[in-house]
S.K.: 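My questions will all concern the structure given below.
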Number of protein chains: 2
Amino acid sequence: MTSLNKITDFRRPVAINLANRTAASACDDCGARRHGLCDALSDDEVGFLFRAAQRQTLPAGTVFIEEGEPAAYFYNVNSGNVRLFKSLPDGRRQITGFAGPGHFLGLAATEKNVFSAETMEPVRLCRFSRAAMLSMFAEYPILERKLLDVAMHELVISQQQMLLLGRKTAIERIASFLLSWAERQDVCASGALPKPHSSLTLPLSRTDLADYLGLTIETVSRSLSNLKREGLIEIPNIHEVVLLRPQALSDIAEAAV
Amino acid sequence: MTSLNKITDFRRPVAINLANRTAASACDDCGARRHGLCDALSDDEVGFLFRAAQRQTLPAGTVFIEEGEPAAYFYNVNSGNVRLFKSLPDGRRQITGFAGPGHFLGLAATEKNVFSAETMEPVRLCRFSRAAMLSMFAEYPILERKLLDVAMHELVISQQQMLLLGRKTAIERIASFLLSWAERQDVCASGALPKPHSSLTLPLSRTDLADYLGLTIETVSRSLSNLKREGLIEIPNIHEVVLLRPQALSDIAEAAV
DNA sequence: GCGCCTCCATGACGCAGGTCAAAACGCCAC
DNA sequence: GTGGCGTTTTGACCTGCGTCATGGAGGCGC
């Protein structure tokens, strides 16, 4: 995102709100304080956000954004992971992405939600009404810039995913996923390969994985077993994968010739 | 995009540049003047854009953005259509979208281009250096808002495409494509069905269609033939399709149960 | 007109990955 | 420990779409 930031990092002077120590310190403890939208704001500014937000704690498996329903709110995830997905009437599901701490939800929103969101684990989040977002944008133009950055990054990701879904084989999809998940977990720098024997935590079920990669759970399972048999990965338990040979994985993922 | 506009349509006062009649009238003749970025600006303001732009005319089949190359420019398409795509080393290609008059290219850009762009016909466009874009953003903050709108719309589209690529059958992909192309050609309002017997122009080859829908040309050809045989469409010539029964197409596209 | 070339349609066949079915593996309650 | 349940793995089989191959239709130069 470096060069995008070049576009949006020349900060304008912004109105400084009255300090709100209570809010600032409440946000200090938040997992999202140094990520996403909130990271763009000073302690004083974030207090404004704090007062505009309704904080919610949701149990695992809660669908809090439903495709087709009126889009009334924006959300900022504080802790826990969320899956975003679209469904067909017959039950087929495509997970379009995952949102963790610091992720902002509601970007791809029109009058009606165009996707659904469901918590994968207990999740804490800040909820903003449309009206609250409007006033925040008016007050802090930097938020808009930040949002543009986020949206552009999402676009890059979804183009990669289109290539994966449209043109990659099952094994290539799995290899691509493992490497991108390593990046997401900060196991390696963006664009770089993780070190051999890096360990990943997968909070996803096989069903999630299948619906994200456009496969069935059986094919996901078989492909992972293949990679294990070939000695490229290890699977100590269902929610953990060790990347033994990242370079080999990358060769598969990128269809190196 | 109505509700997105709600977010970004409360216009801030912007600096009014000196009138530039020459520029304004040159832009008047441009197919993109009332679309995309330029549509957000007054005649006076667009003169500023005009002076920052280098105008180019490219023959059909020109690759003017190449994946992996340093991202030096932004583009605004004035006339003609462009395909955007990502490729794998072995030649597999996924078209991630099409850009026509008024479309702005370079949104999903980092330091290196993450996709390629190729003209499908002779194309006229305005080219902006990164530096020029920076100064334009500084001068006209409204451009940023517009860009955010555009990016959000692109996100909605690409989520739809992920559902299509990950979970739809060949015939469903074709039906979905025909309906979305009808919307794009303004044959019908966004979200509405085109009237029976609406006619579409397809500037795409079967190869483009296949690479956009994640299929092979043979499957595209066969699926179109099926729809024709079933009486849902007519194909008077290779670049034209008549939608005889849009409702039936929609039932297939949305997998109505 | 004719030859050439590119794109498209269609048929025959093969295979990657989907479907169906059955173990195997946790994991929790008791 | 034992039993029950949900998830994952593995196997056997099937099919939708890819691959390969052939013929036809249009476009263009001469």
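Computed from a predicted model, the values in this text were never measured in an experiment. So that the names make sense, note that chain A is the first sequence line, chain B the second, and so on, each numbered from 1.
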S.K.: Tabulated below should be each protein N or O lying under 3.5 Å from an N or O of nucleotides 14-18 of chain D; please produce it.
M.R.:
from   : atom 1 : to     : atom 2 : distance (Å)
D/dC17 : OP1    : B/A170 : N      : 3.0
D/dG18 : OP2    : B/T216 : N      : 3.4
D/dG18 : OP2    : B/T216 : OG1    : 3.1
D/dG18 : OP2    : B/T219 : OG1    : 2.4

S.K.: Out of curiosity, B/R93 CZ to B/D208 CG, how far, rounded to the nearest 0.5 Å?
M.R.: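 These two atoms lie 5.0 Å from each other.
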
S.K.: Atom NZ of B/K228 to atom C1' of C/dT10: distance rounded to whole Å?
M.R.: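 Rounding to the nearest Å, NZ of B/K228 and C1' of C/dT10 are 11 Å apart.
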
S.K.: Give one of base, sugar-phosphate or nothing for B/S225, where a contact means two heavy atoms less than 4.0 Å apart.
M.R.: sugar-phosphate

S.K.: B/N237 has an atom CG; how far is it from atom P of C/dA9, in whole Å?
M.R.: 11 Å

S.K.: What's the CD-P distance between B/E240 and C/dC8, to the nearest Å?
M.R.: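 From B/E240 CD to C/dC8 P: 15 Å.
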
S.K.: Using the C1' atoms of five pairs at each end, what's the angle between the two axes of the helix from C/dG1-D/dC30 to C/dC30-D/dG1, to 10 degrees?
M.R.: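 Answer rounded to 10°: the end axes differ by 40°.
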
S.K.: Rounded to the nearest 0.5 Å, what's the gap from CG on B/L213 to CD1 on B/I174? Could you check?
M.R.: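 Rounded to the nearest 0.5 Å, the CG-CD1 separation comes out at 5.0 Å.
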
S.K.: Is it true that the side chains of B/E118 and B/T62 contain a donor and an acceptor less than 3.5 Å apart?
M.R.: no

S.K.: I need the CD1-P distance between A/I217 and C/dA23, as an integer number of Å.
M.R.: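 Spelled out: CD1 on A/I217 to P on C/dA23 is 18 Å.
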
S.K.: Between the side chains of A/K86 and A/T96, does any donor sit under 3.5 Å from an acceptor?
M.R.: no

S.K.: May I have the distance from A/L227 (atom CG) to D/dT8 (atom P), rounded to whole angstrom?
M.R.: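 Value for this atom pair: 17 Å.
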
S.K.: Strictly by modelled atom types, are B/E121 and B/N81 linked by a side-chain donor-acceptor pair under 3.5 Å?
M.R.: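 Looking only at side-chain atoms, B/N81 and B/E121 do form a donor-acceptor pair, the distance falling under 3.5 Å.
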
S.K.: With distance as the sole criterion, is a donor-acceptor pair present between the side chains of B/N226 and B/E230 under 3.5 Å?
M.R.: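 There is no such pair between these side chains.
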
S.K.: Donor-acceptor pairs under 3.5 angstrom involving side-chain atoms of residues 67-80 of chain B: please list them, not counting sequence neighbours.
M.R.:
from  : atom 1 : to     : atom 2 : distance (Å)
B/E67 : OE1    : B/S87  : N      : 3.3
B/Y73 : OH     : B/R127 : NH2    : 3.2

S.K.: I need the CG-P distance between B/L202 and C/dC7, as an integer number of Å.
M.R.: 16 Å

S.K.: Under 4.0 Å, heavy atoms only, any strand: does B/I238 hit a base, just the sugar-phosphate, or nothing?
M.R.: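 Sugar-phosphate: the residue B/I238, judged by heavy atoms under 4.0 Å, touches backbone atoms but no base.
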
S.K.: Go through the steps to decide whether A/F98 and A/Y212 satisfy the test ring-ring contact (aromatic ring centres under 6.0 Å, His included), and finish with yes or no.
M.R.: CA-CA 9 Å; A/F98 300 97; A/Y212 182 53; 4.9 Å; yes

